[in-house]
Amino acid sequence: MKEFEHIEWVHQQVKPARQVDVGIGDDAAIIHTASGDRLAIAVDTILEGVHFDAKTPPKLIGRKSLAVNLSDIAAMAGQPMHAVVGIAFNRQAGPQFAREVQQGILDLADEFNVALIGGDTNVWDQPLAISVTVIACEPPSGFVLRSGAQAGDAILVTGSLGGSLQGKHLDFTPRVSEALILAESYPVHSLIDISDGLASDLGHILRQSDVGAEVQAASLPIAACLLESHTDKPKWEHALSDGEDFELLLTLPESAAEGLLNNPPFSTPLTRVGTILEDSAATLILPDGSRRKLNADGWEHSFD
Ligand code: ADP
Ligand code: MG
């Protein structure tokens with residue numbers, strides 16, 4: 001089963017609903033209350049054997065289950081407020097293991113001023129699964145969607161890319177405060193977090209904004225742990241396609257991007273990696289200057 005095809009099918013079945021401003025298709029849904037306040041809601045599930053393994057320390061497992069959701073809230077420029085947590089523990093896991101998982105969630109929640117307000121605990125014979133839902137309020141500058149990119153925008157990323165296989169996916173810092181600062185002080189047109197790889201997640205922005213882009217392979221910021229390790233492929237291919245970076249990808253007008261890059265408002269690195277174009281094609285410029293088609297998995301080795 002292909003995940004995106006299934007989501008597309010669900011999307012087609014869903015009827016328009018009351019008080020929904022953004023439904024399926026962004027990093028979080030946005031609803032408004034009767035008084036007009038808007039909330040963003042994100043849910044993500046992590047599974048043993050997929051997002052962590054049996055050897056992962058339980059605190060890091062708990063931490064990650066909340067962190068991936070905070071990353072989706074950051075991708076809306078939301079202020080996370082509350083979380084509910086559903087856990088299915090394996091029957092063999094002892095009480096100490098369970099508490100450490102939960103402590104990992106509580107510690108990160110404290111760090112981000114998020115209140116754990118409920119959840120659900122189950123025990124079964126299968127591996128550990130944790131699903132977290134986070135509710136966020138709207139900052140004065142408003143939520144930022146995937147669909148607002150405009151031709152001429154610069155494409156920027158926070159931090160560095162390609163470090164997930166070296167373990168960064170377990171202890172990354174969700175870019176919540178960076179997103180809030182960016183959205184408050186700069187005309188950010190579109191925003192997403194990089195969970196499936198830059199190539200794939202930029203693709204969501206391009207499709208939903210009905211624009212194209214040009215990305216420079218040589219500009220991609222490479223994670224230090226990736227630089228230090230041996231890889232068969234060029235490092236920039238990992239930076240382009242590996243998942244679970246949990247960095248922000250944003251677009252904003254070129255002039256604003258220049259001001260931002262010359263005078264960054266925080267210490268997290270920001271790097272320009274490309275430009276949004278009117279024509280809906282997505283192109284990758286290789287380090288040798290040749291041009292290739294950019295697709296969701298990375299790049300096409302020949303241009304057809
Ligand atoms: P992300 O990688 O940012 O978490 P996903 O690719 O998981 O985003 O999801 C894309 C969109 O599809 C989101 O709006 C999400 O809420 C929605 N979605 C995913 N799975 C389902 C489902 N089974 N039913 C309804 N909506 C779904
Ligand atoms: Mg996301």
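What you see below is based on every heavy atom in this structure, not just the backbone, and it leaves out hydrogens, waters and symmetry mates. Just so you know, ligand 1 is whichever comes first in the structure, and atom 1 is the first atom listed for that ligand.
- A continuous path of hydrophobic side-chain contacts links I73 to V132 [ILVMFWY only; heavy atoms under 4.5 Å].
- Atoms of ligand 1 found under 4.0 Å from any heavy atom of F4, numbered from 1 in the order shown, are 6 (O).
- In this structure, the side chain of S219 does not engage the main chain of V215 through any donor-acceptor pair within 3.5 Å.
- Between I205 and L191 the shortest side-chain heavy-atom distance does not fall below 4.5 Å.
- With respect to atom 18 (N) of ligand 1, the closest heavy atom belonging to the protein is I7 CG2, 4.0 Å.
- For atom 2 (O) of ligand 1, the nearest protein heavy atom (residue, atom name, distance) is S195 OG, 3.3 Å.
- Nearest to atom 4 (O) of ligand 1 among the protein's heavy atoms is D72 OD2, 3.0 Å.
- For atom 26 (N) of ligand 1, a protein heavy-atom neighbour is present inside the 4.0 Å cut-off.
- The nearest heavy-atom contact from the protein to atom 13 (C) of ligand 1 is D26 O, 3.2 Å.
- In terms of protein heavy atoms, atom 11 (C) of ligand 1 is closest to G25 N, 3.7 Å.
- In this structure a side-chain-to-backbone donor-acceptor pair under 3.5 Å is present from N262 to E258.
- Of all atoms in ligand 1, listed by their number and element, those nearer than 4.0 Å to a heavy atom of I24 are 12 (O), 14 (O), 17 (C), 25 (C), 26 (N).
- Considering both main-chain and side-chain atoms, D196 never comes within under 3.5 Å of ligand 1 through any nitrogen or oxygen pair.
- Side chain of S209 to main chain of V211: no donor-acceptor pair is present (N/O by atom type, distance under 3.5 Å, no hydrogens or angles).
- Atoms of ligand 1 found under 4.0 Å from any heavy atom of D27, numbered from 1 in the order shown, are 3 (O).
- Taking the six-membered ring for Trp and the full ring otherwise, F4 and H204 have centroids separated by under 6.0 Å.
- For the Mg ion (ligand 2), the set of nearby N, O or S atoms under 2.8 Å includes none belonging to D201.
- Under the 4.0 angstrom criterion for non-hydrogen atoms, R146 is in contact with ligand 1.
- The shortest contact between atom 7 (O) of ligand 1 and any protein heavy atom is with E3 OE2, 4.3 Å.
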Problem - T158/T268 under side-chain hydrogen bond (donor to acceptor under 3.5 Å, both in side chains): CA gap, chis, key distance, verdict - result: CA-CA 7 Å; T158 58; T268 304; over 6 Å; no

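- For the pair D26 (side chain) and A28 (backbone), a donor-acceptor distance under 3.5 Å is absent.
- For atom 15 (C) of ligand 1, the protein comes within 4.0 Å by no heavy atom at all.
- There is a path of hydrophobic side-chain contacts, each under 4.5 Å, that joins L108 to V101.
- Using modelled atom types, one finds a donor on one side chain and an acceptor on the other under 3.5 Å when comparing D107 with Q103.
- For S65 (side chain) and G62 (main-chain N/O), a donor-acceptor pair under 3.5 Å exists by modelled atom type.
- When distances from the Mg ion (ligand 2) to the N, O or S atoms of D27 are compared, OD1 comes out shortest.
- Contact annotation for atom 22 (C) of ligand 1: protein absent (non-hydrogen atoms, distance under 4.0 Å).
- Closest heavy-atom approach to atom 24 (N) of ligand 1 within the set V10, D193, T45: this belongs to V10.
- Taking the Mg ion (ligand 2) as the corner point, the angle from D72 atom OD1 to D193 atom OD1 is about 100° (rounded to 10 degrees).
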